[in-house]
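Worksheet: the structure to be examined is printed underneath.
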Protein chains: 2
Amino acid sequence: MAHILVVEDEPTLRILMTRMFRDAGYQVTAAATGAAGLQAALGAQHDLVVLDLMLPDLSGEEVLRVLLAARPDARVLILSSVAEVGRRVAVLDRGAADFVAKPFVNGDLMARVRLRIRDQGSFATNPTHTEVGDGAHLDLHRRDLVINGQRVQLSHREFTLMAHLLHRRGEVCTRQELLADVWGIAFDPGTNVVDVYVGRLRAKLASDTIETVRNVGYRLLAS
Amino acid sequence: MAHILVVEDEPTLRILMTRMFRDAGYQVTAAATGAAGLQAALGAQHDLVVLDLMLPDLSGEEVLRVLLAARPDARVLILSSVAEVGRRVAVLDRGAADFVAKPFVNGDLMARVRLRIRDQGSFATNPTHTEVGDGAHLDLHRRDLVINGQRVQLSHREFTLMAHLLHRRGEVCTRQELLADVWGIAFDPGTNVVDVYVGRLRAKLASDTIETVRNVGYRLLAS
DNA sequence: CTGTGAAGTGACAAATCTGTTATCCGGCTT
DNA sequence: AAGCCGGATAACAGATTTGTCACTTCACAG
């Protein structure tokens, strides 16, 4: 049975949601503060976290950031007053799964919750996150990179290149190798796409993450 | 220890490769005909199949097609004379992992083999193929769809939409639902992107795969 | 210090992707 | 039969992605 964590400071709403989800057949844990919510979220695996943006202690954004840094595969549904709708894009960018504005129609929220949980269920069997040491994860679905809590949007090529470098982190990858594996080009010398794309990656990362090995190729720093 | 299957009719070359791979520490199975190779490939799990394009009985393309239809996650390295380099794009499109032209430098082939095997090793821990009933698979890395042996290139959006439909195959998905889940649009009515993208998918698939449910939404045929 | 070749960078053009709009089609209702 | 409505489709424009090229910067050898 799916397990939902509700983080909401307003008692009425918290109790309402708890009852509603429970009635729908979910197992529910509720938290009234950001700190308590974070503790619960980190302590156990939840299928969905319903998180209010406006909390007494920590800001919802903060909770979201910390939570996703620790569990990049967590699904978080952000709940927020219409006045804060402007933050919508921001939190979705940060990795939230969905955003619902308060006040909401019960059925509407319920539908959203069901949707997000079902989703996770079917995808969860094939993990979409490739763990790659320290704080780095590749998110196959979003095609982006989570590196120490920061979510970096990558293009298709950038992603493939990054994936390859990550798999061999610490080892040197020759241009030839990268051309063959990332671009599928077997022979052709006489292009500097690799250089260009390494440059583009560096621009999106801490620029000292990818090291140049003169006359050979590139290497991603081991950690 | 990784297991390689070599399918090559010319005895000298077959023995040479067998010895080379064995010396490199791999377990090797060799087959001299397409039929024998196919049988071996379907009978056991290999980490890499090295396949000659020019075989006495079946064409290499044929072997590749049948093999990938049955095991879409198989890694196949195509070996072929320079004269056939024109087929390169075609076989890579069909899902081959790599292409090496004959005659080749031993070390070169060895490097390619190592690369493809290592690759598979690291990705294999997180399966990149989502099985979805009958002959359909979603390949998260290539962002494409394998449907009864045919590999269909999809754009990012098309892929996400297709993934959603596949997850719910047989059930109807409302436009709203698709908008929310695939596009992340919560409210906005007044767009027909969904219709447009369903159209684009239909153009790439057997056009009767996606069914219209009037006044409701779309449904992917159950099988 | 200087010359040479390797690597980095900015600008650009082509290709692709995305979403909108306008129009067309086909079935249903009246 | 005519009108209407939901859905299909073609064409388009803007955005993004991709790879190339020319030029700059940098590291090392002499």
Side-chain angles (χ1 to χ4, degrees), chain A residues 89 92-93 141-145 152-165 172-220, chain B residues 89 93 142-145 152-165 172-220:
Chain A
V89 175
L92 289 180
D93 265 1
H141 274 102
R142 291 168 161 271
R143 266 253 131 88
D144 63 12
L145 170 74
V152 184
Q153 277 295 336
L154 299 180
S155 85
H156 199 299
R157 269 278 186 267
E158 290 166 356
F159 184 85
T160 315
L161 174 58
M162 192 62 198
H164 190 85
L165 290 173
V172 185
C173 303
T174 66
R175 276 154 227 279
Q176 270 217 318
E177 182 185 319
L178 292 171
L179 265 186
D181 206 42
V182 176
W183 275 264
I185 298 175
F187 323 93
D188 189 326
T191 173
N192 73 335
V193 229
V194 178
D195 300 51
V196 172
Y197 270 83
V198 166
R200 285 173 184 168
L201 276 182
R202 280 177 174 152
K204 294 190 175 184
L205 276 56
S207 59
D208 58 345
T209 318
I210 301 177
E211 205 179 54
T212 303
V213 180
R214 201 146 219 273
N215 293 318
V216 187
Y218 298 96
R219 163 171 51 202
L220 194 69
Chain B
V89 175
D93 264 1
R142 289 166 162 273
R143 268 256 130 96
D144 63 14
L145 170 73
V152 185
Q153 276 295 335
L154 299 179
S155 83
H156 199 299
R157 269 277 188 269
E158 290 166 356
F159 184 86
T160 315
L161 174 57
M162 192 62 198
H164 190 85
L165 290 172
V172 185
C173 302
T174 67
R175 278 155 225 280
Q176 269 217 320
E177 182 185 320
L178 292 171
L179 266 185
D181 204 41
V182 177
W183 276 264
I185 297 174
F187 325 94
D188 187 329
T191 172
N192 73 336
V193 228
V194 178
D195 300 52
V196 172
Y197 268 84
V198 166
R200 287 175 185 168
L201 276 182
R202 279 176 174 153
K204 295 191 174 184
L205 275 57
S207 57
D208 58 344
T209 319
I210 301 176
E211 204 179 55
T212 303
V213 180
R214 223 191 149 91
N215 292 320
V216 187
Y218 298 95
R219 164 172 51 203
L220 194 69

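Lettering of chains follows the sequences in order, A, B, ..., and the numbering in each one begins at 1.
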If you compare every side-chain N and O of A:T191 against the phosphate oxygens of D:dG19 (OP1, OP2), does one of them come in below 4.0 Å?
no
At less than 4.0 Å, is any side-chain N or O atom of A:W183 found next to OP1 or OP2 of D:dT18? Yes or no.
no
Results of side-chain hydrogen bond (donor to acceptor under 3.5 Å, both in side chains) for [X] - residues two or more places apart only:
{"X": "B:R219", "value": "B:E211"}
{"X": "A:T174", "value": "none"}
{"X": "B:D195", "value": "B:R175, B:Y218"}

Separation between OG1 of A:T160 and CG of A:L178, rounded to the nearest 0.5 Å
11.5 Å
Starting at the 5' end of DNA chain D, which residue's closest nucleotide do you reach first, A:L154 or B:G199?
B:G199
Whole angstrom is fine here: how far is it from [atom1] in [X] over to [atom2] in [N]?
{"X": "B:R200", "N": "C:dG19", "atom1": "CZ", "atom2": "P", "value": "9 Å"}
{"X": "B:D208", "N": "D:dA8", "atom1": "CG", "atom2": "C1'", "value": "16 Å"}
{"X": "A:R202", "N": "C:dA7", "atom1": "CZ", "atom2": "P", "value": "11 Å"}
{"X": "A:H156", "N": "C:dT16", "atom1": "NE2", "atom2": "P", "value": "14 Å"}
{"X": "B:Y218", "N": "D:dA8", "atom1": "OH", "atom2": "C1'", "value": "8 Å"}
{"X": "B:Y197", "N": "C:dT20", "atom1": "OH", "atom2": "P", "value": "10 Å"}
{"X": "B:R157", "N": "D:dA15", "atom1": "CZ", "atom2": "P", "value": "16 Å"}
{"X": "B:D195", "N": "C:dT21", "atom1": "CG", "atom2": "P", "value": "14 Å"}

Along nucleotides 22-30 of chain D, 5' to 3', which nucleotides get a B, which get an S, and which get a -, given that the test is a protein heavy-atom distance under 4.0 Å?
B----S---
Is a donor-acceptor contact shorter than 3.5 angstrom present between the side chain of B:R175 and the base of D:dG6?
no
ring-ring contact (aromatic ring centres under 6.0 Å, His included) against A:Y197, all qualifying residues, sequence neighbours excluded
A:W183
Those residues that, when tested against B:R157, pass salt bridge (Lys or Arg N to Asp or Glu O under 4.0 Å) (two or more places apart)
none
